[in-house]
Amino acid sequence: MEWETVIGLEIHAQLATQSKIFSAAATAYGALPNTQACFVDLGMPGVLPVLNRQAVVMAIKFGLAIDAEISPRSVFARKNYFYPDLPKGYQISQYELPVVGKGEVIVDLDQGESKRIGVTRAHLEEDAGKSLHEDFHGMSGIDLNRAGTPLLEIVSEPDMRSAKEAIAYMKKIHSIVRYLEICDGNMQEGSFRCDANVSVRPKGQVKFGTRTELKNLNSFRFVERAINLEVARQIELIEEGGKVIQETRLYDADKNETRSMRSKEEANDYRYFPDPDLLPLDIDTQQIEAVRATLPELPDQKRQRFIEQYALSNYDAGVLTSSKVLAAYYESVVSIVKDAKLSANWVMGELLGALNKAGLNIEQSPVDASHFAQLLQRIVDKTISGKIAKQVFEHMWTDNKTADQIIQEQALVQITDTRAIESIIDEVIRNNPKQLEQYRSGKDKLFGFFVGQVMKATKGKANPQTVNQLLKQKL
């Protein structure tokens, strides 16, 4: 039987406010446990929540960026459940009336295809604290620093049909929230994470299968692995005569498996009701338009501009605009070098390759845009060849020196004097009479041999175009 996968994602983006959603406690990452939790976060008697205006503005920004409905009135509710790191015994969230309604994003797939993924809603809520299970000798510690941290939960439609589509959607949302500067997108610190709802059904069947929820996935790689494992598990289970049960499952990266955590709750299990301490959130058209005026150039808009302004391919423009910082880096390089294609090739090739190898992001690059541009200028003005430029870049990466310093110190200036190159070519031809005879008898592939010998004799410093031109004449 052929099976179809159905996937929906619930992405939790931590909003980049300086204080929590209902209190003045700080949200900075890495503080000592329980040093950033106040009486409001602890749910002490007599305290009242006060809504953080900036969290609302950030939610509206996201809604506008995905062409979603912005609700003129939304309501905060209490989601009731018991957990040790939830001191109030409930989480303040939004249920029936979220601040952001239906929207959509367009994601790029393989072979140049694109797909529309619907967004059901995006609602504001507070985060819970964190349970710590190590170093407590059979007990658990509770850190309430995260309690009350503002989250925007972005719920997709079940429109994805493979783990690759889910990753493409998740990366697109990640890019949008970072462009908007409403979330730093740091997955290692838990600022951007997701729950994946996964089910399978026979191909052609309209009715959805029973879904399971994969909880708290905090890397693109883990999301893809977990979904693929869960799909395989469900298909195997059904084909062996079993039934998928609705449950919450955990992905264990060390064992590369999913395992059951608990049966999946329904909305009525949480006994939602409007929070009596918080008024409904009213947003008027004037407020929405004021936020719209602050929107930056978004990823799709920037990609289209790169295609038109720099004559880049759709793929190249997509890579370079996947991150706002990377796009700015590229534009800084182009503004100096004045060669859009050369700049794109080197930023995507050498720079991104080195960053990936080192496990760094563009913000951590040891080579800044102005120094990188200086290196490319030396290719353009023929001071060095592209091959030597790669050696220079390696030294720039490790030695914290400019391209000009390295070129001067290591005497890497390209030989462009035709008389000097001709002299070396003459010597190479004299020293290889057998290859010369074979070349002249029709073995054209030996031309590469002669080029290699000349480049070897000049230690790679001869201008390759000049070498090719003079060799053809001499041979």
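Within the structure, every pair that satisfies the ring-ring contact (aromatic ring centres under 6.0 Å, His included) test and touches residues 283-311, not counting sequence neighbours, is listed here: F306-Y310, F306-Y330, Y310-Y330. Note on residues 97-114: pairs passing salt bridge (Lys or Arg N to Asp or Glu O under 4.0 Å), not counting sequence neighbours, are K102-E157, E104-R116, D108-R303.
Donor-acceptor pairing under 3.5 Å is recorded for the side chains of D368 and S370. Between the side chains of R249 and T258, at least one donor N or O lies within less than 3.5 Å of an accepting N or O.
R201 has a carboxylate O that lies under 4.0 Å from a charged side-chain N of E4, or vice versa, which qualifies the two as a salt bridge. Salt-bridge annotation for E427 and R430: absent, with no side-chain N of the basic residue lying under 4.0 Å from a carboxylate O of the acidic one. Looking at E181 and K61, no side-chain N of the basic residue comes within less than 4.0 Å of a carboxylate O on the acidic one, giving no salt bridge.
Contact check for L375 versus I384: side-chain heavy atoms found under the 4.5 Å cut-off. In this structure, V347 and V319 have side chains that are not in contact, with every pair of non-hydrogen atoms separated by 4.5 Å or more. N218 has its side chain out of reach of F192: every pair of non-hydrogen atoms, C-beta onward, lies at least 4.5 Å apart. Counting only heavy atoms from C-beta outward, the side chains of M170 and M187 approach each other to under 4.5 Å. Under the 4.5 Å side-chain criterion, counting only non-hydrogen atoms from C-beta, R378 is in contact with D404. Taking the side chain as every heavy atom from C-beta outward, M58 and N52 never approach each other to under 4.5 Å. No side-chain heavy atom of S93 sits under 4.5 Å from any side-chain heavy atom of F76. Residues F450 and N468 fail the side-chain proximity criterion, which asks for heavy atoms closer than 4.5 Å.
Evaluation of the salt bridge (Lys or Arg N to Asp or Glu O under 4.0 Å) rule for E165 yields K115 as partners, not counting sequence neighbours. For D339, the salt bridge (Lys or Arg N to Asp or Glu O under 4.0 Å) test picks out no residue, with sequence neighbours left out.
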Report task. Apply salt bridge (charged side-chain N to carboxylate O under 4.0 Å, His left out) to the pair E10 and R211, showing each step before the final yes or no. Result -> CA-CA 14 Å; E10 298 169 12; R211 66 187 168 92; 5.2 Å; no

Query raised in the report: What's the verdict on side-chain hydrogen bond (donor to acceptor under 3.5 Å, both in side chains) for E308 and Q304, showing C-alpha distance, side-chain angles and the deciding distance?
Result: CA-CA 6 Å; E308 294 169 2; Q304 190 57 40; 3.0 Å; yes

Requested in this report: For side-chain contact (heavy atoms from CB on, under 4.5 Å), just list the numbers for L298 and L180, CA-CA rounded to whole Å, side-chain angles, deciding distance to a tenth of an Å, and then say yes or no.
Outcome: CA-CA 8 Å; L298 292 165; L180 294 170; 3.7 Å; yes

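Atom OH of Y315 sits in a sparse spot, with 12 or fewer heavy atoms from other residues, nucleotides or ligands closer than 6.0 Å. Other residues, nucleotides and ligands place no more than 12 heavy atoms under 6.0 Å from the CD atom of Q188. Remark: Q410 CD is packed, more than 12 non-hydrogen atoms of other residues, nucleotides or ligands lying under 6.0 Å away. Annotation: D399, atom CG; neighbour count of heavy atoms from other residues, nucleotides and ligands within 6.0 Å is above 12. Residue K172 qualifies as enclosed at atom NZ: its count of foreign heavy atoms under 6.0 Å is above 12.
The line from CD1 of I362 to CG of L352 is 6.5 Å long, rounded to the nearest 0.5 Å.
V367 and S365 make their closest contact through O-OG, 2.9 Å (heavy atoms, listed as atom of the first residue, atom of the second, distance). Heavy-atom minimum distance, I106 versus S114: CG2-CB, 3.9 Å. Of all the heavy atoms in D316 and M348, the pair that sits closest is OD1-CE, 3.1 Å. The heavy-atom pair separating L51 from V56 by the smallest distance is CD2-CG2, 3.6 Å.
In terms of modelled atom types and a separation under 3.5 Å, the side chain of T17 and the main chain of Q54 share no donor-acceptor contact. For the pair T398 (side chain) and E394 (backbone), a donor-acceptor distance under 3.5 Å is present.
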Tell me which donor-acceptor pairs under 3.5 Å the side chains of residues 285-293 have, and how far apart each pair is, sequence neighbours excluded?
unit_1: Q287; atom_1: OE1; unit_2: D284; atom_2: N; d: 2.9
unit_1: E289; atom_1: OE1; unit_2: R292; atom_2: NE; d: 3.1
unit_1: E289; atom_1: OE2; unit_2: R292; atom_2: NE; d: 3.3
unit_1: E289; atom_1: OE2; unit_2: R292; atom_2: NH2; d: 3.3

Please report, to 0.1 Å, the donor-acceptor pairs under 3.5 Å made by any side chain of residues 63-74, with sequence neighbours excluded.
unit_1: S71; atom_1: OG; unit_2: P98; atom_2: O; d: 2.8
unit_1: R73; atom_1: NE; unit_2: D282; atom_2: OD1; d: 2.9
unit_1: R73; atom_1: NH2; unit_2: D282; atom_2: OD1; d: 3.4
unit_1: R73; atom_1: NH2; unit_2: D282; atom_2: OD2; d: 3.2
unit_1: S74; atom_1: OG; unit_2: Q94; atom_2: NE2; d: 3.2

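Y439 and F447 have tilted rings, their planes meeting at an angle from 30° to 60° on a 0 to 90° scale.
Of the candidates Q234, M160, E213, R233, Q234 is the only one forming a side-chain contact (heavy atoms from CB on, under 4.5 Å) with V198.
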